[in-house]
Amino acid sequence: MSHDFAKGVEVLSRQIDSRIAAYFSACVHCGLCAEACLFYTETDDPRYTPIYKLEPMRRLWKAQHTFWGKFAIKMGLSKPLTEQDFADWEELVYDSCTMCGRCSMVCPVGNDITYMIRKEREGFSAAGYAPVGMQEATHRALTIGSPMGITLKTLQAALIHVEKNTGLKIPMDQPGADYMTLFSSMEVVNFPEYIESIARIFDAAKVSWTISSEAFEATNSGIQIGSHDAAREIVSRVVNAAESLGVKYVISPECGHAYTAIRWEGPNLIGRPYKFEIIHILELLDQLQKDGRLLLSGHTDIPLTFHDPCQIVRRGGVVEPPRDLLAKVATGFVEMADHGTMNWCCGGGGGVSANERAEELRLKVFDRKRKQIEALGVKTMVTACANCRIVLEEGIEDREMDVQVIGLTELVAEHLSHNVTPG
Amino acid sequence: MARMKFYCDAERCIECNACVTACKNENEVPWGVNRRRVVTIKDGEPGERSLSVACMHCSDAPCIAVCPVDCIYDTIDGVVLHDKDICIGCGYCFYACPFGAPQFPQEGAFGSRGKMDKCTFCAGGPEEDHSVDERRKYGSNRLAEGKLPLCAEMCSTKALLAGDANVISDIYRERVINRGASVLNRGVSYQNAAFRASSGMEGKSSVKK
Amino acid sequence: MIGELIDGPFWYFSLVVFCIGVLFRLISILRAGLKPDLAVPRSGGSTGALRNLFSRFIPRRDVATRGRLTFVAGYLFHIGLFALLFFARPHVDFIAERITGFSWPALPYWAFIISAEIAFIGLLLLWLHRLLHPVTRLLSNADDYIGTGLVFLVMLTGCLALAQAFEPLRLLHLFLAELLLIYFPFSSLMHAFTFVFSRSYSGAVMGRKGVNA
Amino acid sequence: MRRALFSSAGVETAGFSAVLMLTLVLAFLLLMAPHAMAETAGNAPAIQVPNPSTDLWREVRQRDGVTSGRSQIAGVESGTLINPYGETWRNFRMKQLIPYSGYLLAGMLLLLILFFLVRGKIRVKAGISNKKLFRYTLYERMIHWFIASVFLFLALTGLILLFGRSLLLPWIGSEVFSLLASASKEGHNLFGPVFAVALLLVFIRFVRRNIYQKGDLTWLLKGGGIIGKGHVPSNFFNMGEKSMFWLLVLVGAVIVGSGLILVFPVFGQARITMELSHVSHALTTLLMILVIMGHIYIGSVGMEGALDGMTTGYCDLNWAREHHAEWATLCEQEGKVITDVEVSRLRGDGDTQQHAATSAQETG
């Protein structure tokens, strides 16, 4: 991809809104965000301080929005942003930030640093300074329909297996269904168990649902690389499909950033509210269970813990549903020291897992998770994000740990009460 | 050259504290500060005596020596005065003075004492005589008017004497002689004591040396 | 001559610069604009904003350990500074005389000094932290050092003028405070006002998402 | 009546009492002699004429120890007519403290300059390596510079109050000097308690590494390697540093204690307490300033590589081997040696460009 510095600066400066202006005005460079960032805590490299990753954007803000900045640029006292800055910061902006939002929770002046990184990436991707892996993923998402290059055929092949295993018919393109389900590519390829699980659960709970052949992909590379246009395109596919099928709800799957993309960013990307509602699979399961439609029986008594996917919990607000569900199916559930909205990221969110260049760093900062697991001493970790799951598994393998990762939906499906007989 | 001194006759002092009150009144001394005090020794016991003390206007004043900012000085009349504009309120003069003459308006925490204040022999301060500033900071300047300190002037038993050292020591010497005779006669100390008019008490200037 | 300038016209000049500057900065933040959030909120944004405004005063567990120095020193400095800025007798009198026209109860002298000492301990530690910690060393720019330095000098001259008996010392303190007032709107010292904005903005978003900060 | 430097008011009282006793005994003998003679003569007894004022003046001068009178005036020692210790304190301060401490400070400065000229900067013999050892944590460096800055400020303001009248006042005039002195006094009073806090933090943090160990005596006997040739192996802190620490702590405690007595005259301290506090404050701070002068010398121009540990947190490996051999060996055994490159990464040194380039290479 070619570099376009002028466009990058133009796009970057367009991102600066009241929030960002307030954030930069309030930052006193106290450095506390570094203490919340696993890239800093695990490497002790000060360059991985979250707010430092925003230096190019801060300088642009200073030059355009403050008296001193304008004055200093005019007098030649400070250098304007250069293309070299984009090149220098690319690694910091993409490789060493998973947009997990932990820094945003600890900032004493309340700066949402993650929001700013998200916006800064807009400028960087517009300038062409984004990791090749993420650029390609976005390209595939736009052209093929999935960042991993999965087509409808791939899904159908997977669904045949699911139907065979479960003996259930998977509804496809059924207009007027209550729920339209999305999947992340990783679930289709790596964890078809997830599809089986929701098929079983929905069957048991008598949920009217469907999959759209037009839009089944939940992931959104656009918000990871920071491309407003790409993100809008990907969201609008889902919106169009859901509205043409006339569903009441669209279910966001066990994928972190997909939820943020479709639930919180989507309406703003397409510029209007949806005609349907977005519900996360965990919210739905919790709701079904509470309404008595989902009957669960039996408990798992092995000690296990829950890894909160950042985008679902901290950035998404689905904090209690996973815990309520775990309370129903597991007796040995224990929380890690930092959990819920303060959980540590797996290290592969925000597109980092799609960025081959960052692999070494990602595995290094996995240490944080390793320490957390080891401190707790459990061998089973439940999570609710396909990306987290893959990253965790890779990390566990890399560190030669004896820990198993399972999806929460699958765990729930295993405890369906009528499920006991068929076996 | 005159040297101004106070002398308090312990045989005469009746601890009426009029000198203290007169001083406070004349000089409008701030609250908490007493330039003059009366101390009673062996209160209520045989041999009880009282003495009125204030700054003794020492010839080799320890306060002048120790002041870190050199704000205390003596005049050609031997009166020890100080400059409140210079004083930093460190308290050193209070430590060095044998008589406890230097006083401070506050004794606050963190060494906040305020400016030192002490007896000026009713001679004001370094400001121009009878100026408003002088009055506000140091009280009256009777010496410039040719008067002696009010405490001594109004002492009812004439126990407290103030003035040229030569004159007051003459007065005292006469008193002792008279008193000594009466003691030998086992009479009352004052029985045969005679007062003589003091001569040569002229107004003294308080110009800085 | 210079004293009269510092005590009179220059004081009013710096006050005007401060007020207009702060107002200008706040308006410029608002003028940057904010698009409305079209996503269906889980709960109210304003309650979230309000909650975040106060909850951020309390450090979070993990960071409270790792960043203990910053937190402790930061608290010492800010609490001490607040107490001595608004509740020291000379300041209360000054503000009452020059600005508000009414006064309020002031701290006793000893409490004023203790708050000054607390503020000094905090500020010195924060300054050293800025100079020595790799992260803050990397982040800090001239503005941070000038801001810290000016605040320190104002506090130091204030402490040197504690005797309240020497006019030049008071004027020096006042002059530096005036410089600080003038510098304030152009610097990160603005966080004294903008933290309300940043916390509220973030809190509103978190509130809408249903995340309790 | 000049006394030795360390004379205290107590010694003086004893002297006074002795002289007084002697006089009284002599007076008694003189009085008794004629009396005895008269008795042997068998005449009518002569009238004893006691001086009615003797007892009074004895009380007034407080010669039999402090017996207080009574005054209607409230206040500290308002009942005491004469405080005889004031003069002692004055003599100490003016005739001994100011001149001798001046000589000592100037002498120390001269000594350090001479030492530097003779010995020069003590180099790291093996040369500066490209490897480092982590020596002081951020917190340790912070409290070090915290106490250092507060100490320097206090020393400066204290010296202004002590020597200002003789050294500065003649140059800058009474009015300017009194501004400076007032500022010094207020600053000194306010920062005093801050120093107490700093000292406490330093004590708590460093006490464990400063407990004397085996080998410290050898260090002392060899004069810390300055006198003889070759360095004496020592642990994290050597004997000299440990001694300085304890001096700092113990002397510092006296400084803080006496300073607090002086700065809080609210508990009705008698003048003698204040005078003694002043004397101890002056003598201990003088000692401390002298020691710290040496400390600053050795930490800055005196020795190559000594300052790094306190500024960057890392010290040179060769420096550690030469000056803290035991500690260096231990660190090397534990594999705690790190490279210059790593240190500059950890400290965020160098420009980002370079870093970005190197890390891109590493990962790509």
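Using a 4.5 Å cut-off between heavy atoms, C:Val196 makes no contact with chain A at all. With a threshold of 4.5 angstrom between heavy atoms, C:Phe24 does not approach chain A through any atom at all. Only the side chain of A:Tyr40 comes within less than 4.5 Å of a heavy atom of chain C; its backbone N, CA, C and O stay farther away. Using a 4.5 Å cut-off between heavy atoms, A:Cys33 makes no contact with chain C at all. For A:Ser104, the part lying near chain C is the backbone, with the side chain staying farther off; criterion is any non-hydrogen pair under 4.5 Å. The part of A:Val313 that comes within reach of chain C is its backbone (N, CA, C, O), which places non-hydrogen atoms under 4.5 angstrom from that chain. In this structure, the portions of A:Ser25 lying under 4.5 Å from any heavy atom of chain C include both its backbone and its side chain. For A:Ala36, the parts lying under 4.5 angstrom from a heavy atom of chain C are both the backbone and the side chain. Interface remark: A:Arg102 contributes side-chain atoms only to the contact with chain C (heavy atom separation under 4.5 Å). Using a 4.5 Å cut-off between heavy atoms, C:Asp144 contacts chain A through its side chain alone, with no backbone atom that close. Only the side chain of A:Glu283 has a heavy atom closer than 4.5 Å to any heavy atom of chain C. Using a 4.5 Å cut-off between heavy atoms, C:Arg42 touches chain A through backbone and side chain atoms alike. In this structure, the portion of C:Arg130 lying under 4.5 Å from any heavy atom of chain A is its side chain and not its backbone.
Taking the six-membered ring for Trp, A:Trp89 and A:Tyr52 have ring centres closer than 6.0 Å.
Between the side chains of A:Tyr23 and C:Thr194, not a single donor N or O lies within less than 3.5 Å of an accepting N or O. When only modelled atom types and interatomic distance are considered, C:Asp143 and C:Ser188 share a side-chain donor-acceptor pair under 3.5 Å. Side-chain atoms of C:Glu178 and C:Tyr12 form no donor-acceptor pair, as typed in the model, at a separation below 3.5 Å.
For the pair A:Arg19 and A:Tyr115, the cation-pi test (distance below 6.0 Å, angle within 45°) is passed.
With respect to the salt-bridge test (charged N to carboxylate O, under 4.0 angstrom), the residues A:Asp17 and A:Lys119 do not qualify.
None of A:Lys369, A:Arg370, A:Arg368 except one satisfies the side-chain hydrogen bond (donor to acceptor under 3.5 Å, both in side chains) rule with A:Glu42; the exception is A:Arg368.
Between chain A and the options C:Val40, C:Leu189, C:Leu30, the largest number of non-hydrogen pairs under 4.5 Å is found for C:Val40. The choice from C:Pro36, C:Ser198, C:Ser43 that makes the most heavy-atom pairs within less than 4.5 Å of chain A is C:Ser198.
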